[in-house]
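This report concerns only the one structure given below.
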2 protein chains.
Amino acid sequence: MKQANICPRFEKAISLLSQRWTALIINQMLSGPHRFCALQSSIGISGKVLSERLKDLEQKEIIKRKVIPETPVIIEYSLTEKGYSLEPVLKEIENWSQAWLDIERAENIK
Amino acid sequence: MKQANICPRFEKAISLLSQRWTALIINQMLSGPHRFCALQSSIGISGKVLSERLKDLEQKEIIKRKVIPETPVIIEYSLTEKGYSLEPVLKEIENWSQAWLDIERAENIK
DNA sequence: TAAAGTTAGTTACTTTATGTAACTAACTTT
DNA sequence: AAAGTTAGTTACATAAAGTAACTAACTTTA
């Protein structure tokens with residue numbers, strides 16, 4: 001039933017950003033390189049899915065994985081140029097969220 | 001394990017746009033109102049998931065559902081102001097996709 | 001007028017994606 | 001030696017999507 005007449009590049013971009021966690025991972029990395037467990041705890045993702053996403057994003061050349069042979073070894077994930085170039089997208093999402101969404105409080109009021 | 005210190009509005013926006021099909025549905029509607037089966041065939045989504053998404057987007061006030069009592073009845077889905085305000089986000093994704101993605105051809109070459 | 005088609009969905013069932021939690025291996029700190 | 005940290009992996013459970021057939025109300029065609 002796939003018959004989309006939609007631009008394939010656009011569809012690819014959408015399918016990338018529609019993967020759960022992907023946009024949040026990229027967003028965290030906009031502020032600099034991150035380690036595996038830092039991402040894990042800052043966005044609340046499981047190790048399993050995080051490792052899947054990082055492999056996928058690396059393969060898509062959006063992030064790069066660097067092994068720093070300190071003793072204990074440090075694995076550092078950071079954005080490539082292609083990855084950084086998603087910043088305007090994330091910023092627009094943030095702008096929209098500030099303008100149009102508000103935090104529900106109802107559930108907290110007894 | 002949810003401990004995110006991320007802005008809750010931003011997270012909400014991300015979780016909206018990370019739902020499969022949602023961004024494509026909104027994108028189609030940027031060009032005007034659409035009927036159920038027009039969306040179905042233009043983006044290649046199943047009736048089941050489309051009806052779920054439309055209900056969800058309506059409840060979030062991003063789209064509105066209008067019953068036009070022509071004979072045969074027409075159900076017209078269109079963006080609200082909140083929905084239209086996502087246009088810059090979609091445009092940025094499109095810009096990025098044009099600048100950074102290309103169509104794989106390898107699989108077509110024998 | 002019966003048969004076939006369209007629209008806007010829904011239902012039942014299957015496959016895929018995520019979540020949860022425990023585990024590993026190599027190293028460090030107590 | 002025991003416990004903790006880092007960067008994952010594995011096995012199992014639940015949730016989300018895909019597939020395809022079905023419904024109900026109406027219309028068009030033979």
Side-chain angles (χ1 to χ4, degrees), chain A residues 1-4 6 11-12 14-29 32-60 62-79, chain B residues 1-4 6 11-12 14-29 32-60 62-79:
Chain A
M1 220 178 246
K2 275 265 154 74
Q3 63 204 100
I6 301 160
E11 267 204 286
K12 265 196 186 180
I14 290 290
S15 96
L16 172 80
L17 294 170
S18 296
Q19 281 230 290
R20 212 172 202 144
W21 302 113
T22 295
L24 284 178
I25 292 168
I26 294 168
N27 190 249
Q28 282 293 308
M29 288 192 183
H34 280 74
R35 302 176 68 171
F36 190 93
C37 75
L39 287 168
Q40 215 177 194
S41 58
S42 67
I43 66 183
I45 188 181
S46 71
K48 180 197 154 198
V49 180
L50 180 55
S51 111
E52 278 172 25
R53 288 298 180 276
L54 293 173
K55 276 175 195 159
D56 185 54
L57 289 170
E58 197 189 349
Q59 183 262 310
K60 293 190 164 92
I62 285 166
I63 63 169
K64 45 182 184 289
R65 181 180 190 272
K66 191 176 166 190
V67 180
I68 301 171
E70 308 270 316
T71 175
V73 73
I74 292 173
I75 314 281
E76 192 186 81
Y77 292 96
S78 57
L79 295 173
Chain B
M1 221 181 244
K2 276 264 154 72
Q3 62 203 100
I6 301 161
E11 267 205 287
K12 265 197 187 180
I14 290 289
S15 95
L16 172 79
L17 296 170
S18 295
Q19 280 231 289
R20 213 172 201 146
W21 303 111
T22 295
L24 284 178
I25 293 169
I26 295 168
N27 190 249
Q28 282 294 309
M29 289 193 183
H34 280 73
R35 300 177 67 172
F36 191 92
C37 76
L39 286 168
Q40 216 177 193
S41 59
S42 68
I43 66 183
I45 187 180
S46 71
K48 180 197 154 197
V49 180
L50 180 56
S51 111
E52 279 171 25
R53 287 299 179 276
L54 292 174
K55 277 175 195 160
D56 186 53
L57 289 170
E58 198 190 347
Q59 182 262 309
K60 292 188 165 93
I62 285 167
I63 63 170
K64 46 183 184 287
R65 182 181 189 270
K66 190 175 164 190
V67 180
I68 300 171
E70 306 270 316
T71 175
V73 74
I74 292 173
I75 312 281
E76 193 186 80
Y77 292 96
S78 58
L79 294 173

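Since this is a predicted model, take the numbers as computed values, not measurements.
When each of C:dG19, C:dT7, D:dA7 is scored by its nearest atom to the side-chain atoms of A:Phe36, the top-ranked nucleotide is D:dA7. When distances run from any side-chain atom of B:Tyr77 to the nucleotides C:dG9, C:dT20, C:dA8, the shortest one goes to C:dG9. For A:Ser51, whose side chain is taken as the heavy atoms from C-beta onward, the closest listed nucleotide among D:dG8, C:dT18, C:dT10 is D:dG8.
Atoms CZ (B:Arg53) and C1' (C:dG9) sit 16 Å apart, rounded to a whole Å. We find that CD of A:Gln19 is positioned 14 Å from C1' of D:dA16, with the value rounded to whole Å. At whole-Å resolution of the value, CD1 in A:Ile25 and P in C:dT18 are 11 Å apart.
The residue among B:Ile75 and B:Arg20 whose nearest nucleotide of DNA chain C is located toward the 5' end is B:Ile75.
One N or O on the side chain of A:Gln40 and one on the backbone of A:Gly47 form a donor-acceptor pair closer than 3.5 Å. B:Lys64 places no side-chain N or O within 3.5 Å of a backbone atom of B:Glu58 that could act as its donor or acceptor partner.
The side-chain contact (heavy atoms from CB on, under 4.5 Å) test with B:Ile75 is passed by exactly one of B:His34, B:Arg35, B:Arg65: B:Arg65.
Side-chain contact between B:Leu39 and B:Leu54: present, with at least one pair of heavy atoms (C-beta onward) separated by less than 4.5 Å.
The partner of C:dT28, taking Watson-Crick or G-U wobble pairs whose two distances both stay under 3.5 Å, is D:dA3.
A donor and an acceptor atom never sit less than 3.5 Å apart when one is taken from the side chain of A:Lys48 and the other from the base of D:dG8.
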